[in-house]
Amino acid sequence: MSLLRSLLGRKDIWRRIALERLTEPLHLNVSSLFVFAFGTIRGKEAFDLLVRQQHAYGLLHAADQARACGLRRVTIAELGVGSGTGLLNICSLAGPITRVTGVEFEIVGFDTGVGLPPPTDYRDHPELYKSGWYPMQRDALVAALPSNARLVLGDLAETIEPFVASMSAGSPLGFAALDVDLYSSSKDALRLFTGPPDRYFPYVTVYVDDLALPTHTRYAGELLAIAEFNEEQELRKLEPDGYLVHTRLFKRAEWLAHMYKLHVLDHAERNDLRAPDRIEAAPNPYL
């Protein structure tokens, strides 16, 4: 509740509410009041009533994927922790979602621990991000994390690959949030998606944070890193989740434009060429 009070004290949040919610149909906004007061965790997620909707959607969707696969655990990663607000928000949502789905979360936050590294050239958006910005109060953050969450601190070029090597098929990556700001850091961060295929679901929900400011471009920053990742990886592709907006009640929410999918094209499920044990038939109402 303290986070909610803090958010409601910000002018940009009220502006977003005006643009994203009050422009939607009246009956949905009226229904939201009842869901907020009496709804389940699934209802609140569907009505975008949980703080940081991208986290709520990503966690719940990952848990549902795990249940469909008969798994009890799933891994969640935040790439770029900063002060830790996002990581703690993920942790606060994980508990209620576990109680509803029975799926437990292993939550990992990656960060330098000392703020942003120095930009190298225009691709790192030096007009937006400066060396040392977004430092971490490490001891306080570690003390606030629950037992199922941990930090991996250091240069991403040195920490990502050992983590990928430690990933387990019993707890595949189900959701990741990319928020490292710089192109150079994003290049290293995206190596999280290059492990053995059974360490992931056939597709993984990914939130890409840094693409909405006026000077963000596909020729720099996280967007350039994603484009190069897709060029370099034959069987892993990261692309916008363009269909998601059509499944949501509130379609003007900004977070929807930040949602991507990692397609794991070498996953066993996407390469099962065996003959089916039953035939699917489409009904024909004209016959």
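Residues: numbered from 1 along the sequence shown.
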Between [X] and [Y], does at least one N-O distance fall below 4.0 Å, as a salt bridge requires?
X      : Y      : answer
Glu222 : Lys187 : no
Glu231 : Lys237 : no
Arg73  : Glu106 : yes

Does the side chain of [X] pick up a donor-acceptor pair with the side chain of [Y] at under 3.5 Å?
X      : Y      : answer
Arg67  : Thr101 : no
Arg52  : Thr85  : no
Tyr122 : Asp124 : no
Thr215 : Glu127 : yes
Thr75  : Ser171 : yes
Gln53  : His55  : no
His263 : Glu239 : yes

State, to 0.1 Å, how close [X] and [Y] come at their nearest heavy-atom pair, and which atoms those are.
X      : Y      : value
Glu24  : Leu249 : OE1-O, 4.4 Å
Val74  : Ala62  : CG2-CB, 4.2 Å
Tyr219 : Arg123 : O-CG, 4.2 Å
Pro96  : Ile41  : CB-CD1, 3.9 Å
Arg191 : Ile160 : C-CG2, 3.7 Å

**Request:** For the residue pair Tyr203 and His61, categorise the inter-ring angle as parallel (less than 30°), tilted (30 to 60°) or perpendicular (more than 60°).
**Result:** tilted

**Request:** Could you check His125 against Asp181 for side-chain contact (heavy atoms from CB on, under 4.5 Å), going step by step and ending with a plain yes or no?
**Result:** CA-CA 8 Å; His125 282 300; Asp181 303 324; over 6 Å; no

If you measure from [atom1] on [X] to [atom2] on [Y], what distance do you get to the nearest 0.5 Å?
X      : Y      : atom1 : atom2 : answer
Thr112 : Leu156 : OG1   : CG    : 8.0 Å
Ser166 : Arg199 : OG    : CZ    : 9.5 Å
Arg218 : Leu223 : CZ    : CG    : 9.5 Å
Phe105 : Phe175 : CZ    : CZ    : 10.5 Å
Leu50  : Leu59  : CG    : CG    : 10.0 Å

Could you check whether atom [atom1] of [X] has more than 12 heavy atoms from other residues, nucleotides or ligands sitting under 6.0 Å from it?
X      : atom1 : result
Arg270 : CZ    : yes
Gln137 : CD    : no
Arg21  : CZ    : yes

**Item:** Common cluster, Val264/Val164, ILVMFWY with side-chain heavy-atom separation under 4.5 Å
**Value:** yes

**In one Ile/Leu/Val/Met/Phe/Trp/Tyr side-chain cluster, 4.5 Å: Phe201, Val103** = yes

**Request:** Show your reasoning for whether ring-ring contact (aromatic ring centres under 6.0 Å, His included) applies to Phe163 and Phe110.
**Result:** CA-CA 10 Å; Phe163 176 81; Phe110 294 86; 5.1 Å; yes

**Prompt:** Please walk me through it: do Tyr57 and Leu93 pass side-chain contact (heavy atoms from CB on, under 4.5 Å)?
**Reply:** CA-CA 10 Å; Tyr57 169 79; Leu93 291 167; over 6 Å; no

**Request:** For side-chain contact (heavy atoms from CB on, under 4.5 Å), just list the numbers for Val206 and Lys261, CA-CA rounded to whole Å, side-chain angles, deciding distance to a tenth of an Å, and then say yes or no.
**Result:** CA-CA 6 Å; Val206 180; Lys261 284 181 181 178; over 6 Å; no

**Fill in**
By salt bridge (Lys or Arg N to Asp or Glu O under 4.0 Å), Asp210 pairs with (sequence neighbours left out) none

**Message:** Whether the side chain of Asn271 engages the backbone of Leu265 through a donor-acceptor N/O pair (distance < 3.5 Å, no angle test) should be reported.
**Reply:** yes

**Message:** Please enumerate all residues that pass side-chain contact (heavy atoms from CB on, under 4.5 Å) together with Leu145, with sequence neighbours excluded.
**Reply:** Leu87, Leu88, Cys91, Leu141, Ala149, Leu151

